[in-house]
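See structure below.
Lettering of chains follows the sequences in order, A, B, ..., and the numbering in each one begins at 1. Note that this is a predicted model, so its numbers are computed, not measured. These numbers come from the heavy atoms of this one structure, side chains and all, not from hydrogens, waters or symmetry mates.
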Amino acid sequence: MTSSFSKRVKDIIKKIPTGKVATYGQIATYAGNPRASRQVAWILHSSSGKDNLPWHRVINSKGRISLPHNGGYEMQKGLLEEEGILFDKNDRINFDRYLWQIFEE
DNA sequence: CAACTGACGATAG
DNA sequence: CCTATCGCCAGTT
C-alpha cells in the first residue's frame, strides 16, 4: 500500500512551516516525482483529515486554492489568513512572500 | 491485468 | 481571462 512516495509526500506536507504555502508541483518534485502532482492532491483527499496534514497550505501553481467556492474554498482561505497568509485582489497568494522555500528548510 | 479517478501542470488556441 | 487536451502517476475497483 503506502509506497514510499506517498509517505514522503505526507512527511513533506507536515513539514510545511506555519505562514508558508507549497504547491502540488513543489511537493511532488521534492518527493521525487516532479510529475506526480496529482498524487499529492489525491493523498490530501485520502488522508487530510486522518493524519494531521496542514492541507490548507497546499495550493496550485497559480497561487490559488483549487477547491470550489462551496466545497472548502472559504475554509481554506480562512485557515491561511489565520496564519498570516493574505490574498491579493485576485484571490491569489503572493509567492514572493509566502511560498515555502523548500530547499532552504 | 485493464479501466477509472483525481484538491495538478503545461501547452495551445 | 477562458476552455480544451494531453501527460503523468499512485491507488482503487
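The closest side-chain heavy-atom distance from A:Leu99 to A:Thr23 is below 4.5 Å. When side chains are defined from C-beta on, A:Tyr73 counts as touching A:Asp91, because their heavy atoms get closer than 4.5 Å. Taking the side chain as every heavy atom from C-beta outward, A:Asn94 and A:Asp88 never approach each other to under 4.5 Å. Using a 4.5 Å cut-off on side-chain heavy atoms (C-beta onward), A:Val40 and A:Ile12 make no contact. Side-chain contact between A:Lys10 and A:Leu53 is present, with at least one heavy-atom pair separated by less than 4.5 Å. Taking the side chain as every heavy atom from C-beta outward, A:Leu79 and A:Met75 approach each other to under 4.5 Å.
When rounded to the nearest whole Å, the span between NZ of A:Lys10 and C1' of C:dA10 equals 12 Å. Distance, A:Ile93 CD1 to B:dA7 C1': 13 Å, rounded to whole Å. The CD1 atom of A:Ile43 sits 13 Å away from the P atom of B:dC8 (whole-angstrom rounding). The distance between atom NZ of A:Lys77 and atom C1' of B:dA7, rounded to the nearest whole Å, is 17 Å. Whole-Å rounding puts the A:Asn33 CG to B:dG6 C1' distance at 16 Å. A straight line from CD of A:Gln26 to C1' of B:dC8 spans 14 Å, rounded to a whole angstrom. Here B:dT11 presents its P atom at 11 Å from CZ of A:Arg35, a figure rounded to the nearest Å. In this structure, the CZ atom of A:Phe5 is 15 Å from the P atom of C:dC8, given to the nearest Å.
Residues A:Ala36 and A:Asn90 both approach DNA chain C. Their nearest nucleotides, taken by heavy-atom distance, put A:Asn90 toward the 5′ side. Mapping A:Pro34 and A:Trp42 onto DNA chain B by nearest heavy atom places A:Trp42 closer to the 5' end of the strand.
Applying side chain to side chain contact (heavy atoms under 4.5 Å, CB included) to A:Ile59 and the options A:Gln76, A:Gln26, A:Arg64 leaves one that passes, A:Gln76.
In this structure, A:His45 reaches the B:dA7 phosphate: one of its side-chain N or O atoms is under 4.0 Å from OP1 or OP2. Phosphate contact (OP1/OP2 of C:dC8, side-chain N/O of A:Ser37, threshold under 4.0 Å): absent.
Between the base of C:dG11 and the side chain of A:Arg38 there is no donor-acceptor pair shorter than 3.5 Å.
Within residues 60-70 of chain A, the residues that place at least one heavy atom under 4.0 Å from DNA chain B are, in residue-number order, A:Asn60, A:Ser61, A:Ser66, A:Leu67.
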